Amino acid sequence: MSFTAPQIDYAGLSPVIALSAGICVVLLAGLVSERRQRLVVSLLSLVTLAAAASLCIWQWGERKDLVAAALRLDELGLAAALIAILAAAVVVPLSWREQAAERPGEEPRHGEFQALLLSSVLGMVLLAQAQNLVSLFVAIELLSVPLYVLCGSALGRRESLESGLKYLIVGSLGSATLLYGLAFIYGGSGSTDFGGIRDAIGAGLADDPLVLIGIGLAATGLAFKISIAPFHQWTPDVYQGAPTPVTAFMAVATKVAAFCVFVRFFEVALGPAVDNWQPALAVLAAVSIAVGNIGALGQDSLKRLLGYSGIAQAGYMLVGLVAASELGVNALVFYLAAYALMNLTAFAVIVVRERETEFGDDIRAVQGLGGDRPELAWPLTISMLALAGLPATAGFMGKLYLIEAAVDADYTWLAVAIAIGTMISLAYYLRVVAAVWMRAAAEPLGPEPAARMPAMAGGSPEADPPDDLPEETLSAPPGTRCLAILIPAAALAAATIFFGVIPSPLVDWASNAGQALAASIP
């Protein structure tokens with residue numbers, strides 16, 4: 001009896017190979033001297049991400065199965081990979097001088113921090129391409145486990161440790177629920193491949209109790225991962241407690257990968273049972289829109305506000321899946337890209353203000369920015385207006401695209417829910433804009449609270465200066481010491497406006513994802 005090894009398509013796997021090699025190199029680079037670790041590790045991380053992105057672009061247009069059909073290389077998975085890589089590339093400079101990566105008097109941990117970040121990106125790339133129950137679960141765990149560690153990586157902050165523990169417990173519950181669901185689906189269909197599951201369900205198992213229970217449990221497990229109400233309770237607490245760069249990465253990249261596999265799993269494997277899962281997901285979308293927008297109204301913490309906002313935004317995105325059409329997938333991918341631009345911009349400004357003020361992520365930290373720091377005020381304002389869905393922003397075009405998909409799928413009431421949710425969201429998004437432009441800077445808290453707040457936020461510039469900056473830079477105004485964050489924030493804000501005014505390049509890019517998914521369905 002001979003063993004036949006599966007054919008390996010190294011070109012198709014090249015983004016995965018680049019990320020895997022980069023993780024090893026970055027982890028070893030963390031052993032270099034303390035003074036140069038940040039520069040060396042960050043440069044290697046960015047080179048790894050650039051290489052992976054270049055290989056994804058090289059493979060764009062390829063539609064083929066990989067590793068005995070465990071993975072599917074197509075534009076849907078590559079689009080998710082590119083967005084996740086963008087998020088990680090922005091988070092690398094955001095993590096500089098973060099307590100999770102370097103603390104005064106201790107060895108820096110940039111190698112560990114960025115290796116975990118790249119590991120999570122690798123999990124996201126594999127998850128977006130998964131078309132087998134086993135590869136799906138392995139990828140979602142590779143995505144999640146590094147994030148559990150990153151959330152609790154600021155060891156000097158009780159809130160960070162609590163965040164990591166809470167995310168570990170809730171994430172494990174979600175993974176266990178998902179695994180039970182996948183096991184039920186396998187038991188009912190007799191296959192782990194999405195194509196085999198589709199054939200079995202299409203042959204008359206759409207109403208089989210075993211399959212229906214599996215669909216419900218799998219949907220619940222994935223809903224935990226992307227903060228769909230009522231499985232959202234962990235989100236605001238974890239977002240607030242985690243280091244802000246980690247929160248920014250989680251808020252964007254996790255949703256991108258999870259939604260892409262959500263679409264692939266439900267529309268490919270469970271497509272014949274669409275009449276069973278479509279109404280249930282429509283209700284979850286409406287509930288998430290309502291819970292997220294109402295929950296955000298009373299928040300003073302900007303990270304908690306964006307956490308509840310993310311719950312509402314996940315509800316909007318779920319509408320693209322509920323539509324169960326090529327148009328719905330196109331709208332979802334467009335909105336995921338726009339959401340990445342909007343959210344990363346907001347979190348970049350929050351990171352800067354946490355380090356410059358004594359208010360941490362409280363809304364008081366951004367009061368008076370319009371007069372004092374316009375270079376921060378404008379990106380934050382654009383991100384808030386875009387998240388609210390105002391015209392001339394990518395957020396507006398994304399919501400319009402989702403509404404069109406909902407109406408086209410005869411879910412007009414969901415389109416109305418998006419419109420109502422958008423109106424409610426104006427109250428808290430415009431509250432942030434008002435604080436930026438219409439209020440004076442908040443009064444200092446005093447010496448004792450001021451001494452505590454920077455420690456919660458990861459350290460102030462004055463208390464924790466970078467070791468490798470020249471003396472003239474250390475004495476420079478705060479704005480000149482944040483260029484590595486301000487430049488990406490300004491570029492992301494500009495892209496948000498550009499794709500709101502001229503959306504056709506992003507629309508054309510996103511439309512490839514829907515075509516690729518449709519082509520993978522027999």
Side-chain angles (χ1 to χ4, degrees), residues 6-16 55-84 124-133 135-136 139 185 189 191-203 206 222 256-275 277-278 281 317-337 401-402 404-405 408-409 504-522:
Q7 181 181 359
I8 304 298
D9 186 336
Y10 289 102
L13 289 173
S14 56
V16 173
L55 292 169
C56 287
I57 295 170
W58 174 48
Q59 289 296 299
W60 190 267
E62 296 286 340
R63 297 175 183 175
K64 53 190 175 184
D65 295 333
L66 302 174
V67 195
L71 302 175
R72 174 72 178 176
L73 181 70
D74 58 16
E75 290 90 340
L76 176 61
L78 292 172
L82 288 170
I83 299 172
M124 292 168 185
V125 172
L126 292 172
L127 182 62
Q129 296 180 0
Q131 64 170 4
N132 178 287
L133 300 184
S135 59
L136 187 160
I185 291 172
S189 65
S191 176
T192 60
D193 293 322
F194 288 4
I197 294 169
R198 182 182 181 86
D199 293 340
I201 293 176
L222 289 171
V256 171
F259 263 113
C260 284
V261 79
F262 214 144
V263 167
R264 197 185 298 277
F265 181 48
F266 273 74
E267 296 200 11
V268 176
L270 306 178
V274 63
D275 293 336
W277 56 258
Q278 194 177 33
L281 293 185
M317 297 172 197
L318 192 57
V319 174
L321 172 57
V322 170
S325 64
E326 184 177 326
L327 179 60
V329 176
N330 295 343
L332 172 61
V333 173
F334 181 97
Y335 200 82
L336 285 169
Y401 211 176
L402 288 169
E404 181 186 0
D408 185 70
S504 54
L506 194 57
V507 169
D508 294 340
W509 179 78
S511 66
N512 290 308
Q515 294 169 8
L517 186 69
S520 68
I521 299 175

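Numbering of residues begins at 1 and proceeds along the displayed sequence. Because the structure is predicted, anything quoted here is derived from the model rather than measured.
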**OP:** Answer yes or no: is there a side-chain heavy-atom contact under 4.5 Å between Leu71 and Asp65?
**Re:** no
Subject >> Residues forming a side-chain hydrogen bond (donor to acceptor under 3.5 Å, both in side chains) with Thr192, sequence neighbours excluded >> reply: Asn132
Original post:
Which atoms form the tightest heavy-atom contact between Ala130 and Phe194, and what is the distance?
Top reply: O-CE2, 3.4 Å
Original post:
What residues, two or more places apart in sequence or in another chain, satisfy salt bridge (charged side-chain N to carboxylate O under 4.0 Å, His left out) together with Glu62?
Top reply: Lys64
Subject >> Residues in side-chain contact (heavy atoms from CB on, under 4.5 Å) contact with Ala409, at least two apart in sequence or another chain >> reply: Ala323, Tyr411
Original post:
Nearest heavy-atom pair of Val333 and Ala79: which atoms, and what distance?
Top reply: CG1-CB, 4.2 Å
Subject >> Which residues share a salt bridge (charged side-chain N to carboxylate O under 4.0 Å, His left out) with Asp508, sequence neighbours left out >> reply: none
Original post:
Between Ile197 and Leu133, is any pair of side-chain heavy atoms under 4.5 Å apart?
Top reply: yes
Original post:
So do Ile57 and Leu82 actually touch side chain to side chain, heavy atoms under 4.5 Å?
Top reply: yes
Original post:
Which heavy atom of Ala337 sits nearest a heavy atom of Leu506, and at what distance?
Top reply: CB-CD1, 4.0 Å
Original post:
Which heavy-atom pair separates Val274 from Ala324 by the least distance, and what is that distance?
Top reply: CG2-CB, 4.1 Å
Subject >> For Asp408, all residues meeting side-chain hydrogen bond (donor to acceptor under 3.5 Å, both in side chains), sequence neighbours excluded >> reply: none
Original post:
Can you name the side-chain hydrogen bond (donor to acceptor under 3.5 Å, both in side chains) partners of Tyr335, sequence neighbours left out?
Top reply: Gln313, Lys399
Subject >> Asp193: salt bridge (charged side-chain N to carboxylate O under 4.0 Å, His left out) partners, not counting sequence neighbours >> reply: none
**OP:** Applying ring pair (Phe, Tyr, Trp, His ring centres under 6.0 Å), name anything that partners Trp60, two or more places apart in sequence or on another chain.
**Re:** Trp509
Original post:
Are any of the side-chain heavy atoms of Val256 and Met124 separated by less than 4.5 Å?
Top reply: no
Subject >> Heavy-atom side-chain proximity of Leu222 to Phe259 below 4.5 angstrom >> reply: no
**OP:** Not counting sequence neighbours, list each pair that qualifies as a salt bridge (Lys or Arg N to Asp or Glu O under 4.0 Å) and has a residue in residues 318-334.
**Re:** none
Would you tabulate the side-chain donor-acceptor contacts of residues 260-269 under 3.5 Å, counting partners in other chains and residues two or more places apart, or write 'none'?
from: Arg264; atom 1: NE; to: Ala128; atom 2: O; distance (Å): 3.2
from: Arg264; atom 1: NH1; to: Asp74; atom 2: OD2; distance (Å): 2.9
from: Arg264; atom 1: NH2; to: Asp74; atom 2: OD1; distance (Å): 3.0
from: Arg264; atom 1: NH2; to: Ala128; atom 2: O; distance (Å): 3.0

Subject >> Considering all heavy atoms, the nearest Pro272-Ile201 contact >> reply: CB-CG2, 3.7 Å
Subject >> Over all atoms of both residues, closest heavy-atom pair of Gln278 and Val322 >> reply: NE2-O, 2.6 Å
